[in-house]
Amino acid sequence: MKYSKIEFWIATAFFVLMLYVSLQSGFSSVGYDPAHGENGLQYLLYKILPNLALAVITYAAFLFLNYYVLPKYWFLKKYTPAAALTVLILLIVGTVFTVAQSYLRDWIYRAYGNGYRANMALFSRGFSMAFGFLVIYGCYVLLREGIIYQHKQYRLKKTLKQRILREVLLTLSTWLAVMLPLLIFHSTGLFRLLGPIYIFILPFCFCLYFLNLYWLIPSYKNGKFSNVAVY
C-alpha cells in the first residue's frame, strides 16, 4: 500500500533526525576531546549510547506495532494476542528507557542514594515514558484511521459535514507532524522560540479559521445576523 510506504519513510526520517540530535547533544554536553584519553571516551559513550538506545527502541517499537501487531492482530480482532504483544512491547521499551535513564539521570542516585528509592524513581520515569509512547502512538493511529475513513466517505458522498471533518483531521494531522521535529529539538533555542507559538497560538488560529469559514460567514450570507456589527 502506497500510504504504508510513505508512513515508513517519514518514520525513518524522524528516526535519523533523532539519531542526529542524540549524537549532537551527546558530543556538546560532554565536550569531548581526544586528549582526555580512555576516561573521556568512556564518559562520552555513557552519555551518547543511552540516547541512541532511546531512539532505536522507539523506532523499533513503532515498526513492530504498526506493521505487525496492528494489522495482524488488532485489526483482525484477535484481542488476546494483540494485548499480550502490546504489553510485551511496553515492558521491553520501559526496561530500555529505565536503563537509559539510569545513565542520563545519574543525579537521581546522588539525590536518593544507590538504594531502593533511586531505583523506583528511575523505574517510574522509564515506564512513564514508555506508557506515554504507547498513548501517543494510540492517538496517532486513531487520527490516521479517522483521516482514511473520512477521505473514503468524502469520495463517496461529498457533504458539507464530511468536508469539514476531512479538513479538520488533515489540519490536525499536519500540525502534529510538524510538531514532532520541534519536540525532538525541545532542548534547543529553536523550540524555546517557536514552541509556545506553535503549540498554543496556531491551534487558536485554526479554530478561528474554521468558525469563520463554516459558521460566521455562511450565517452572515444567509441573513442570520441582523447587520454587520452583529457579525
Side-chain angles (χ1 to χ4, degrees), residues 3-4 6-22 24-25 51 54-55 58-59 61-62 65-66 70 93 97 124-125 127-231:
Y3 176 81
S4 298
I6 295 174
E7 187 181 32
F8 170 78
W9 286 114
I10 292 176
T12 303
F14 278 121
F15 171 62
V16 173
L17 182 62
M18 290 174 64
L19 288 180
Y20 171 78
V21 172
S22 299
Q24 185 91 5
S25 61
N51 279 314
L54 294 177
T58 302
Y59 179 67
F62 171 80
L65 286 170
N66 203 58
L70 203 65
V93 173
F97 280 6
S124 175
R125 181 184 291 266
F127 275 85
S128 296
M129 292 172 61
F131 184 75
F133 161 75
L134 285 182
V135 171
I136 293 174
Y137 175 73
C139 294
Y140 162 75
V141 171
L142 290 176
L143 182 61
R144 181 191 68 190
E145 296 304 313
I147 292 174
I148 294 174
Y149 175 77
Q150 291 299 329
H151 180 68
K152 291 179 180 178
Q153 292 296 313
Y154 182 72
R155 293 179 62 183
L156 295 175
K157 186 172 57 175
K158 297 184 179 181
T159 63
L160 179 61
K161 179 181 177 180
Q162 296 296 336
R163 178 184 174 185
I164 295 174
L165 287 174
R166 179 172 176 266
E167 291 188 6
V168 169
L169 288 173
L170 287 174
T171 303
L172 180 60
S173 62
T174 304
W175 179 78
L176 289 173
V178 177
M179 187 172 65
L180 285 176
L182 290 176
L183 293 178
I184 293 175
F185 290 102
H186 68 279
S187 60
T188 65
L190 178 65
F191 181 82
R192 289 191 290 271
L193 177 65
L194 299 178
I197 297 175
Y198 193 85
I199 294 175
F200 297 106
I201 296 179
L202 271 187
F204 177 72
C205 294
F206 292 152
C207 292
L208 290 180
Y209 166 77
F210 284 112
L211 286 174
N212 274 278
L213 183 63
Y214 292 114
W215 178 51
L216 290 177
I217 294 177
S219 297
Y220 177 73
K221 289 182 176 180
N222 294 331
K224 293 183 179 180
F225 297 120
S226 58
N227 52 47
V228 176
V230 175
Y231 164 73

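Values below: every heavy atom of this structure, side chains too, minus hydrogens, waters and symmetry copies.
Residues meeting the ring-ring contact (aromatic ring centres under 6.0 Å, His included) test with Phe133, sequence neighbours left out: none. Tyr220 is linked by a side-chain contact (heavy atoms from CB on, under 4.5 Å) to Phe225, Val228, Tyr231, counting only residues two or more places apart in sequence or in another chain. Applying the side-chain contact (heavy atoms from CB on, under 4.5 Å) rule to Ile197 yields the partners Ile201; only residues at least two apart in sequence or on another chain are considered. Residues forming a ring-ring contact (aromatic ring centres under 6.0 Å, His included) with Phe62 (at least two apart in sequence, or on another chain): Tyr137. Applying the side-chain contact (heavy atoms from CB on, under 4.5 Å) test to Ser128 and every residue at least two apart in sequence or in another chain returns Ser124.
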Q) Are Phe15 and Thr58 close enough, and set up right, to give a side-chain contact (heavy atoms from CB on, under 4.5 Å), and what steps lead you there? A) CA-CA 8 Å; Phe15 171 62; Thr58 302; over 6 Å; no

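The salt bridge (charged side-chain N to carboxylate O under 4.0 Å, His left out) contacts involving residues 193-210 comprise nothing, where partners must be two or more places apart or lie in separate chains.
Rounded to the nearest 0.5 Å, atoms OG1 (Thr12) and CD (Glu7) are 10.5 Å apart. Here the straight-line distance linking atom CZ of Arg144 with atom CG of Asn66 works out to 4.5 Å at 0.5 Å rounding. Between atom CD1 of residue Ile217 and atom CG of residue Asn222 there is a gap of 12.0 Å, rounded to the nearest 0.5 Å.
Here the shortest heavy-atom pairing between Trp175 and Ile199 reads CZ2-O, 3.8 Å. Contact record, Ala130 with Val93: CB-CG1, 3.8 Å, taken as the closest heavy-atom pair. Contact record, Asn212 with Leu208: ND2-O, 2.8 Å, taken as the closest heavy-atom pair.
Annotation: side chain of Phe210 is in contact with side chain of Thr171 (closest heavy-atom distance under 4.5 Å).
Atom CH2 of Trp215 has 12 or fewer heavy atoms from other residues, nucleotides or ligands within 6.0 Å.
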